[in-house]
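Below: the structure, in structure tokens.
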Amino acid sequence: MVQKGPRPLVLCGPSGSGKSTLLKRLLKEFPDKFGFSVSHTTRSPRPGEKDGVHYHFTTKDDMVAAIQRGEFLETANFSGNMYGTSKHAVDEVRRTGKICILDIEIEGVKQVKTTDLDPLLVFVMPPSIEELERRLRARNTEHEEALKKRLETAKREIEYGKEPENFHIIILNDNLDKAYTELREFIAQNVEDKEEGTESNDSK
Ligand code: ADP
Ligand code: 5GP
């Protein structure tokens, strides 16, 4: 059972669009207000990534078994690996009363839309595919083949993300400070207002 609490926030967008950068800044500025939903993944950790902090790193067999036990809210295959949000990950944040932030791709977004999580949906849009490629290359976390795969997926994700009915807000990350300010304002107007008891009447 997923605990009730403030409305969760979903950050979605192509790999390299800036989701982790934005949410890291948010968690640093407001550590008492936001909590990160730690996903499971079968991909290998990148340098600096810690098990249980950035992800729960797991194996395909363990993840499939946990899915069969009904432990996940949503799951997806992305670039050859499995990813998923466990019910426990969201509960852990929500029981602290913090706003739960999920960083998930579009197949996961489609699934959480069918649950009673009722999240606010943010799409982080890169300025262009060319700039996305530059940022991914500069991040230097993927091998060439994996990078190409992510860029191919990015084109489909951008198509889905730019449809206004799919997300509550599309934030263009052409400038980090501007994108962060926009995200903060969106949260202040939507998540925090709702905590005061305002009813939501949208149907995304
Ligand atoms: P995601 O989590 O969406 O995969 P990241 O947050 O890791 O993306 O960002 C990808 C790379 O782009 C990182 O190296 C980050 O520092 C850089 N980056 C993020 N936003 C901007 C921006 N507005 N301008 C330039 N570089 C950016
Ligand atoms: P990365 O390997 O770069 O950390 O993540 C790749 C993609 O997987 C990103 O688009 C990220 O948002 C997505 N992702 C991370 N965790 C989850 C999850 O739990 N569920 C889903 N559906 N996607 C996730």
Side-chain angles (χ1 to χ4, degrees), residues 8-28 36-58 63 66-67 71-90 92-93 100-115 117 119 121-143 145-147 149-158 160-161 167 170-183:
L9 188 77
V10 162
L11 286 188
C12 182
S15 177
S17 60
K19 303 175 298 294
S20 315
T21 308
L22 288 166
L23 76 82
K24 205 166 137 192
R25 204 156 154 179
L26 204 57
L27 291 165
K28 192 170 173 202
F36 181 53
S37 158
V38 182
S39 293
H40 283 65
T41 183
T42 62
R43 84 153 163 74
S44 308
R46 294 174 184 147
E49 282 185 334
K50 291 194 184 77
D51 189 33
V53 176
H54 299 92
Y55 279 107
H56 297 290
F57 294 99
T58 184
M63 187 137 173
I67 294 168
E71 293 176 11
F72 280 82
L73 277 176
E74 61 78 29
T75 58
N77 285 301
F78 182 91
S79 215
N81 288 298
M82 294 174 77
Y83 293 81
T85 306
S86 70
K87 293 174 184 170
H88 183 70
V90 173
E92 276 229 303
V93 177
C100 182
I101 307 184
L102 289 79
D103 171 349
I104 61 176
E105 53 68 73
I106 55 176
E107 296 310 320
V109 169
K110 290 176 193 169
Q111 292 166 52
V112 295
K113 281 186 185 194
T114 69
T115 67
L117 207 59
L121 303 167
V122 177
F123 190 83
V124 182
M125 183 70 84
S128 65
I129 278 283
E130 292 74 21
E131 176 59 18
L132 186 69
E133 179 167 358
R134 271 192 288 279
R135 288 182 191 172
L136 268 180
R137 287 194 183 282
R139 193 174 74 183
N140 202 21
T141 48
E142 260 64 43
H143 297 298
E145 200 188 329
L147 193 139
K149 217 167 175 177
R150 282 174 183 244
L151 285 173
E152 273 313 304
T153 305
K155 289 176 193 157
R156 291 196 297 278
E157 293 174 314
I158 289 169
Y160 181 79
F167 291 88
I170 300 167
I171 295 180
L172 177 66
N173 183 16
D174 51 352
N175 170 288
L176 189 59
D177 287 340
K178 179 179 84 61
Y180 182 66
T181 303
E182 221 180 302
L183 177 63

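Bear in mind that the values here come from a model prediction, so they are computed numbers and not experimental data. One is the number of the first residue; the rest follow in order along the sequence. In each ligand, atom 1 is the first atom listed, and ligand 1 is the first ligand listed.
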Look only at interatomic distance and state if Asp103 has a nitrogen or oxygen under 3.5 Å from any nitrogen or oxygen of ligand 2.
yes
Numbering the atoms of ligand 2 from 1, which are under 4.0 Å from a heavy atom of Gly108?
22 (N)
Residues Glu152, Lys149: salt bridge by 4.0 Å N-O rule:
no
Under 3.5 Å: N/O of Ala76 near N/O of ligand 2
no
Once rounded to the nearest 0.5 Å, what's the spacing between atom NE2 of His40 and atom CZ of Phe72?
4.5 Å
About how many Å separate OG1 of Thr58 and CZ of Arg43, when rounded to the nearest 0.5 Å?
13.5 Å
My understanding is that only one of Ile170, Asp174, Leu132 makes a side-chain contact (heavy atoms from CB on, under 4.5 Å) with Met125; could you say which?
Ile170
Decide yes or no for Met63 and Glu71: does some side-chain heavy atom of the first lie under 4.5 Å from some side-chain heavy atom of the second?
no
When you measure from the heavy atoms of His40 to every atom of ligand 2, does any distance fall below 4.0 Å?
no
Under the side chain to side chain contact (heavy atoms under 4.5 Å, CB included) rule, collect the residues that match up with Asp177, sequence neighbours excluded.
Arg25, Asn175
Out of all atoms in ligand 2, which are within 4.0 Å of some heavy atom of Arg150? Include the element for each.
1 (P), 2 (O), 3 (O), 6 (C)
Side chain, backbone, both or neither: which applies to Glu142 and ligand 2 if a contact is any heavy-atom pair less than 4.0 Å apart?
neither
May I ask you to identify, for His56, whether its side chain, its backbone, both or neither come under 4.0 Å of ligand 2 on a heavy-atom basis?
neither
Could you tell me whether some N/O pair between Glu49 and ligand 2 is separated by less than 3.5 angstrom?
no
A side-chain contact here means heavy atoms from C-beta on lying under 4.5 Å apart; do Asn173 and Ser17 qualify?
no
Out of Lys19, Glu74, Glu105, whose heavy atom sits nearest atom 18 (C) of ligand 2?
Glu74
Which residue owns the protein heavy atom closest to atom 19 (O) of ligand 2, what's the atom, and how far is it?
Ser39 OG, 2.6 Å
Which of the atoms in ligand 2, numbered in the order shown and given with their element, are less than 4.0 Å from a heavy-atom of Gly84?
18 (C), 19 (O), 20 (N)
Show me the side-chain donor-acceptor pairs of residues 73-84 shorter than 3.5 Å, one per line, residues at least two apart or across chains.
unit_1: Glu74; atom_1: OE2; unit_2: Thr85; atom_2: N; d: 3.1
unit_1: Glu74; atom_1: OE2; unit_2: Thr85; atom_2: OG1; d: 2.5
unit_1: Asn81; atom_1: OD1; unit_2: Thr42; atom_2: OG1; d: 3.4

Chain-and-number sorted residues having a heavy-atom contact under 4.0 Å with ligand 1 are Pro14, Ser15, Gly16, Ser17, Gly18, Lys19, Ser20, Thr21, Arg135, Arg139, Asn173, Asn175, Leu176
Describe, in one word, how the ring planes of Phe123 and Phe167 are oriented to each other, choosing from parallel (under 30°), tilted (30 to 60°) and perpendicular (over 60°).
tilted
Glu157 versus ligand 2: do any nitrogen or oxygen atoms come within less than 3.5 Å of each other?
no
Working note: Glu133 + Arg135, criterion side-chain contact (heavy atoms from CB on, under 4.5 Å); need CA distance, chi angles, decisive distance, verdict.
CA-CA 5 Å; Glu133 179 167 358; Arg135 288 182 191 172; over 6 Å; no
Which of the atoms of ligand 2 are close to Tyr55, meaning less than 4.0 Å from one of its heavy atoms?
1 (P), 4 (O), 5 (O), 15 (C), 16 (N)
Is the distance between the ring centroids of His54 and Phe36 under 6.0 Å?
no
Check if Arg43 has a non-hydrogen atom at a distance under 4.0 Å from any atom of ligand 2.
yes
When rounded to the nearest 0.5 Å, the distance separating OG1 of Thr115 from NZ of Lys87 is 10.0 Å
Once side chain to side chain contact (heavy atoms under 4.5 Å, CB included) is applied, do any residues pair with Glu182, and if so which ones, sequence neighbours excluded?
Ile169, Ile171, Lys178
